[in-house]
A.B. asks: 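One structure, as structure tokens, below. Some questions next.
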Amino acid sequence: MKKPWLAVLLSFVYPGLGHLYLGYVKKGIILILAEIVSILLMSVVVGIFLFPIVWIYGMIDAYHSATRNQKIS
């Protein structure tokens, strides 16, 4: 059984890592790529707004995905 707090912590370190930990490889890779794109877009200001959105979404979704997995098990 995966721990929700660890999924959130990993997503805090870098978005997508919590999803990889939970076994959601496709979603984890998408979040990692989205964060890389937002970092690259910081030079044109758009990334400044996109970066925290992806980061916060990654943590919240990792928590909900982990708790959803616990209810199923």
Side-chain angles (χ1 to χ4, degrees):
M1 188 175 312
K2 305 290 182 169
K3 297 175 177 27
W5 65 268
L6 184 55
V8 172
L9 180 65
L10 289 169
S11 289
F12 177 80
V13 172
Y14 199 87
L17 293 180
H19 290 83
L20 293 176
Y21 164 72
L22 293 171
Y24 297 111
V25 176
K26 186 177 179 181
K27 190 181 264 188
I29 290 172
I30 290 171
L31 281 169
I32 289 170
L33 293 175
E35 195 67 11
I36 290 170
V37 168
S38 70
I39 290 169
L40 294 174
L41 288 175
M42 280 191 187
S43 63
V44 290
V45 181
V46 176
I48 294 171
F49 301 105
L50 186 60
F51 181 86
I53 291 170
V54 173
W55 187 50
I56 292 169
Y57 170 79
M59 289 186 288
I60 292 171
D61 190 57
Y63 176 77
H64 287 292
S65 295
T67 55
R68 202 172 323 130
N69 283 347
Q70 286 182 345
K71 289 178 185 176
I72 293 171
S73 298

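Nothing here was measured: the structure is a model prediction, and the numbers come from that model.
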A.B. asks: If you look at every heavy atom in Ser11 and Gly16, which pair is closest and at what distance?
C.D. replies: OG-N, 4.4 Å
A.B. asks: Should we say atom CZ of Phe51 is surrounded by more than 12 heavy atoms from elsewhere, each under 6.0 Å from it?
C.D. replies: yes
A.B. asks: Testing the basics here: between Val8 and Met59, what is the closest heavy-atom pair and its distance to 0.1 Å?
C.D. replies: CG2-O, 3.8 Å
A.B. asks: Report yes if some heavy atom in the side chain of Leu31 is under 4.5 Å from a heavy atom in the side chain of Glu35; otherwise report no.
C.D. replies: no
A.B. asks: Under 3.5 Å, side chain of Lys2 to main-chain N/O of Tyr21, donor-acceptor pair present?
C.D. replies: yes
A.B. asks: So how far is it from Ile60 CD1 to Ser65 OG, rounded to the nearest 0.5 Å?
C.D. replies: 11.5 Å
A.B. asks: If you apply the rule ring pair (Phe, Tyr, Trp, His ring centres under 6.0 Å), what do you find for Trp55 with Phe12, and how did you get there?
C.D. replies: CA-CA 7 Å; Trp55 187 50; Phe12 177 80; 5.2 Å; yes
A.B. asks: Might you point out which heavy atoms bring Thr67 and Pro4 nearest each other, and give the distance in Å?
C.D. replies: CG2-CG, 4.0 Å
A.B. asks: Do Val25 and Leu17 share a hydrophobic cluster (ILVMFWY, side-chain heavy atoms under 4.5 Å, transitive)?
C.D. replies: yes
A.B. asks: Got Val37 and Val54 here, is their nearest side-chain heavy-atom distance under 4.5 Å?
C.D. replies: no
A.B. asks: Is there a path of hydrophobic side-chain contacts, each under 4.5 Å between heavy atoms of I, L, V, M, F, W or Y residues, that connects Ile30 with Ile39?
C.D. replies: no
A.B. asks: Can you find a pair of side-chain heavy atoms, one from Tyr14 and one from Ile36, that are under 4.5 Å apart?
C.D. replies: yes
A.B. asks: Does one hydrophobic cluster hold both Leu20 and Tyr57, with members joined at side-chain heavy-atom distances below 4.5 Å?
C.D. replies: no
A.B. asks: Would you say Leu22 and Lys27 make side-chain contact, with heavy atoms under 4.5 Å?
C.D. replies: no
A.B. asks: Linking I/L/V/M/F/W/Y whenever their side-chain heavy atoms sit closer than 4.5 Å, directly or via other members, would Leu33 and Val13 fall into one cluster?
C.D. replies: yes
A.B. asks: When clusters are formed by joining ILVMFWY residues with side-chain heavy atoms under 4.5 Å apart, either directly or through shared neighbours, do Leu50 and Val44 land in the same one?
C.D. replies: yes
